[in-house]
Amino acid sequence: MALFTLRSLKKDFGIKEILKDASFSLDEGDKVGLIGTNGSGKSTLLKMIAGLESSDGGELWVNSSAKIIYLPQQPDLNEELTVLEQVFADSGEQMALVKEYEEISDKLSHGHGDQNRLLAQLSSVTERMDQTGAWDLETNAKIVLTKLGIDDLEAKIGSLSGGYRKRIAIASALLSAPDVLLMDEPTNHLDALSVEWLQSYLNRYRGALLLITHDRYFLDKVTNRIIEIDRGDLYSYSGNYSYYLEKKAEAEDSALSTQRKHAGLLRRELEWLKKGPKARSTKQKARIDRAHALQATEFKQANAKVDITTSGRRIGKKVVELDRITKSYGDRTLIKDFSYNFTPEDRIGIIGSNGAGKSTLMNMIIGRLQPDAGTVEIGTTIHFGYFDQHSDDLLEHGNQRVIDYLKDVSELVKTADGSIITASQMLERFLFPPNQQYAPISKLSGGEKRRLFLLKVLMEAPNVLILDEPTNDLDVQTLAVLEEYLEDFNGCVIVVSHDRYFLDRTVDMVFSFEPAGEVRLYPGNYSVYLEYKKDEADKESSEAKDQANKVAKDQKSNAATSLPEPPKPKPEVKKASQLSYKEKREYEELEAKIPKLEEEKSQIEKKLYHNPPNGHAELQKMASRLAELTQAIDTSTERWLELAERI
C-alpha cells in the first residue's frame, strides 16, 4: 500500500531548479536512501513530504491514515520540557495511559479518594495498557536514550547542546512508532557505537523509511532502495547503496557507449550530406531527415562531480611534536600526559565520544589553545588547513558573495597539474554555476556552505590538513572525491570523524580518546581498531570468567575442609519502601518475562552453533535479535533485582 505518492512534482528557487518532474511512491516496508549533491534538493523534498514546504506544480498525495514523523537536521524542541517529557511528546494514548495509571496508583498508595472506585479505574486502565503496549513505553524510552548516550533524563532541553538535542529528537521519533519516518542526516553528532545501534534498530524497524545520510556503511546496511536527485530529475534503484554504485557505473558506461555510437553515426551522416547527392529520392529524403534528427539529439551529461585539483606546497621533516601535553577544564581532564611526533606521511583518525577532547587536541595542535602542561612544537615549513566542524569562518561572511569570498584568498588558482585558472572556474569545478557565484553565502544550503568552505581551505595550499567532522553535511559524491584527493595529498592528514566508511578509506592509525584523559594509539584503519577492541573485550571477559571460577573453586574447597559455624541469629528485617501498584505489576511481569527471553536466546544460540543459516541477511537478522535479547535480559534482570530488594 502506498503511504505517499509524488506525481510530476516541481520546485524552483529562481537561481536553481530543484525538481523538474519528480515522481515516485513510498510503500509499506520501503527503506529508501535519498542521495544527491549538496543543494540538489534532498532536504527540500523531505520538507515538502512533511508538509513544511510548498511545491510549484505537480501533485503530492499522502495517505491520511499514515502517521508521518519528520526528523530535520536541526530539530526544534520545547526547551521547557525535560528529556523524558520530550521523548514522550508524540506517544499519544500510551503516554496518557501511563500518566493516568501513575495518578491512580499514587492516590491508592496514600489512601486518597474512594478506594473501590479507584481500584475499578485502575483495572480499566491496566487493561487498556495491556492492549496498547503502554507498559513497555518508559522502559523502551530509557533503553533508547541510553543507547544514544543520554543519561540525565530530568535535564531541561534548554540546557543541552545541539548534539544532545539531535539525539533526543531521534529517540522521540523512534518511540512515536510512525508509519513513515523521514530522517535528514540522523547520524550527525552520534558517536560510532550510537550509529551502529541506530543502524541495528532501523534494520528491525517495521515502518517505512526515507532518509538522507552521508554515512555509506549506514546507507548500505539500512536501505533496500536508493533514489538519486540529479539536476531536478529522480532516478530509482531497487537495492542498497552497493547495488546503486554497481548499477550507476553500468548506466554511465552504457550512456557513454551510446553517445560514442551516436557520434560515429552522426559523423557518417554528415559526411554523406556534404557530398550533396543530386537525386532526392524518398529514401534519400528519409536519410536527410534522420541526419537532422541525430543533430538535434541531446544527451544528459553524467552526474556533475566535484573536481578537487588544488596544488600543494613543500613539507619538511618536522611537522608537529607533542611532548607530554595535558589539558583540563575544572576537575575534568580531557588529555593527560600525551606525546606524539607527526610525520609528513601520517594519516591519523581521531575518535571518541562527544566532549571527550578531540577538537581541543586539534586547537592545541594549530596553536589556538595552549596546553596546561607539556609543549607543542610546529615545523617551520608547516601551513595548516583547518576544516573545522562548524565552518565558523562562513558565519562572519554570510552577506558576502560566493565569488568574493574566494577572491579574498586569490583571484587566480594554481591547480595540481600546474595550470592557472580563475576563482570563478574553480567554483564551477566545485559545482557552483555562474548564477550561484554572485549570490550571497547566506542563500546556500548547509551542504553547499560546507563545500565552499572546503574549497577555500584547499585553495590556501596547506601541507597539514585537519578535517574536523568533514562528513557532516557533505554529500556522498563529494566525500568519495575527497577520499581520492587525500590518497595523493602531499602532506599530513588528521581526521576527526565518527564516519566509519570515511575513516576506513583515509587513515592508517587511530587515536582513541579513553577515560581519564588517556589517548591510545591503534595502528590501522577504523575496522582494524574495532577488531583490537573486540579482542580486548574477549580477553577481559575470559580473564573475569577464569577468576570467578577460581574464587568459586576456592570457596568450595574451604567449605569442605572447615567446620560449620554455629548458626547466627537472624537479623531483624527492616521493611523497605513498599512497592506501588505499578511496581508490583512490573515485578510480576518481569518474573514471567525473563525466562521467556532466556529461552528464546538459548534457542537462537543453539541454531547459530549447530545449524547456522547460509544467507547473510538471515544470519545478520539472527545476530541482531541475539544482541537485542541480551540487552533486554540484562535490563529486565537489573530492574527485577532492584524491585526484589524492596519487597
Side-chain angles (χ1 to χ4, degrees), residues 308 310-329 333-352 355-393 409 453-454 456-471 482-483 485-499 502-503 505-514 517-526 528-529:
I308 303 179
T310 56
S311 62
R313 69 176 75 202
R314 187 185 71 84
I315 183 171
K317 291 184 179 180
K318 183 175 180 179
V319 181
V320 178
E321 296 180 357
L322 309 178
D323 184 23
R324 302 174 69 87
I325 63 170
T326 295
K327 189 67 179 178
S328 301
Y329 288 97
T333 300
L334 298 181
I335 301 167
K336 183 179 180 181
D337 200 27
F338 178 60
S339 300
Y340 186 79
N341 292 341
F342 291 89
T343 71
E345 299 80 23
D346 266 344
R347 297 290 187 271
I348 306 293
I350 299 180
I351 63 173
K358 304 184 297 295
S359 295
T360 298
L361 177 59
M362 297 305 95
N363 284 318
M364 284 196 289
I365 288 173
I366 66 174
R368 289 184 184 176
L369 276 177
Q370 295 301 314
D372 298 334
T375 60
V376 178
E377 293 187 13
I378 300 170
T380 56
T381 64
I382 298 307
H383 185 90
F384 291 109
Y386 187 23
F387 185 67
D388 68 75
Q389 186 174 165
H390 304 292
S391 306
D392 293 334
D393 184 66
V409 179
F453 182 50
L454 175 63
K456 183 180 180 183
V457 169
L458 297 180
M459 275 180 58
E460 293 170 341
N463 50 25
V464 175
L465 188 56
I466 299 176
L467 305 172
D468 194 351
E469 297 293 356
T471 62
L482 177 58
E483 288 158 2
Y485 171 82
L486 294 178
E487 286 182 6
D488 300 320
F489 179 75
N490 182 34
C492 175
V493 177
I494 304 170
V495 179
V496 180
S497 182
H498 294 132
D499 190 307
F502 191 82
L503 288 172
R505 281 290 307 273
T506 57
V507 309
D508 51 29
M509 180 177 288
V510 170
F511 289 4
S512 174
F513 275 68
E514 310 281 337
E518 182 185 7
V519 181
R520 293 184 64 185
L521 276 57
Y522 294 86
N525 62 17
Y526 182 74
V528 175
Y529 158 80

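None of the values given here were measured: they were computed from a predicted structure. Basis for what follows: all heavy atoms, side chains included, without hydrogens, waters or symmetry-related copies.
When every heavy atom of F502 is checked against every heavy atom of T506, the shortest pair comes out as O-OG1, 2.7 Å. Taking every heavy atom of both residues into account, C492 and I315 meet most closely at N-CD1, 4.2 Å. Considering all non-hydrogen atoms of both residues, I351 and S497 come closest at CG2-O, 3.8 Å. Contact detail for P470 and V496: the closest heavy-atom pair is CD-O, 3.5 Å.
The number of heavy atoms from other shown groups lying within 6.0 Å of CZ (R324) does not exceed 12.
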Practice task
Step by step, work out the side chain to side chain contact (heavy atoms under 4.5 Å, CB included) result for I382 and N463.
Solution key: CA-CA 6 Å; I382 298 307; N463 50 25; 4.1 Å; yes
Exercise for the section: Could you walk me through whether T381 and R314 pass side chain to side chain contact (heavy atoms under 4.5 Å, CB included), step by step? Expected result: CA-CA 7 Å; T381 64; R314 187 185 71 84; 3.1 Å; yes
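K318 contributes no side-chain N or O that, together with a main-chain N or O of N341, makes up a donor-acceptor pair within less than 3.5 Å. Checked by atom type and distance alone, the side chain of R313 pairs as donor or acceptor with a backbone atom of E460 at under 3.5 Å. No donor-acceptor pair closer than 3.5 Å links the side chain of T333 to the backbone N or O of G517.
In this structure, a donor-acceptor pair under 3.5 Å is present between the side chains of S512 and E514.
Taking the six-membered ring where the residue is Trp, the centroids of Y340 and F342 are separated by under 6.0 Å.
With rounding to the nearest 0.5 angstrom, the CZ atom of R347 is 9.0 Å from the CD atom of E487.
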Report all side-chain donor-acceptor pairs from residues 358-367 shorter than 3.5 Å, counting only partners two or more places apart or in another chain.
residue: K358; atom: NZ; partner: G352; partner atom: O; Å: 3.0
residue: K358; atom: NZ; partner: S353; partner atom: O; Å: 3.0
residue: S359; atom: OG; partner: D468; partner atom: OD2; Å: 2.8
residue: N363; atom: ND2; partner: S359; partner atom: O; Å: 3.2

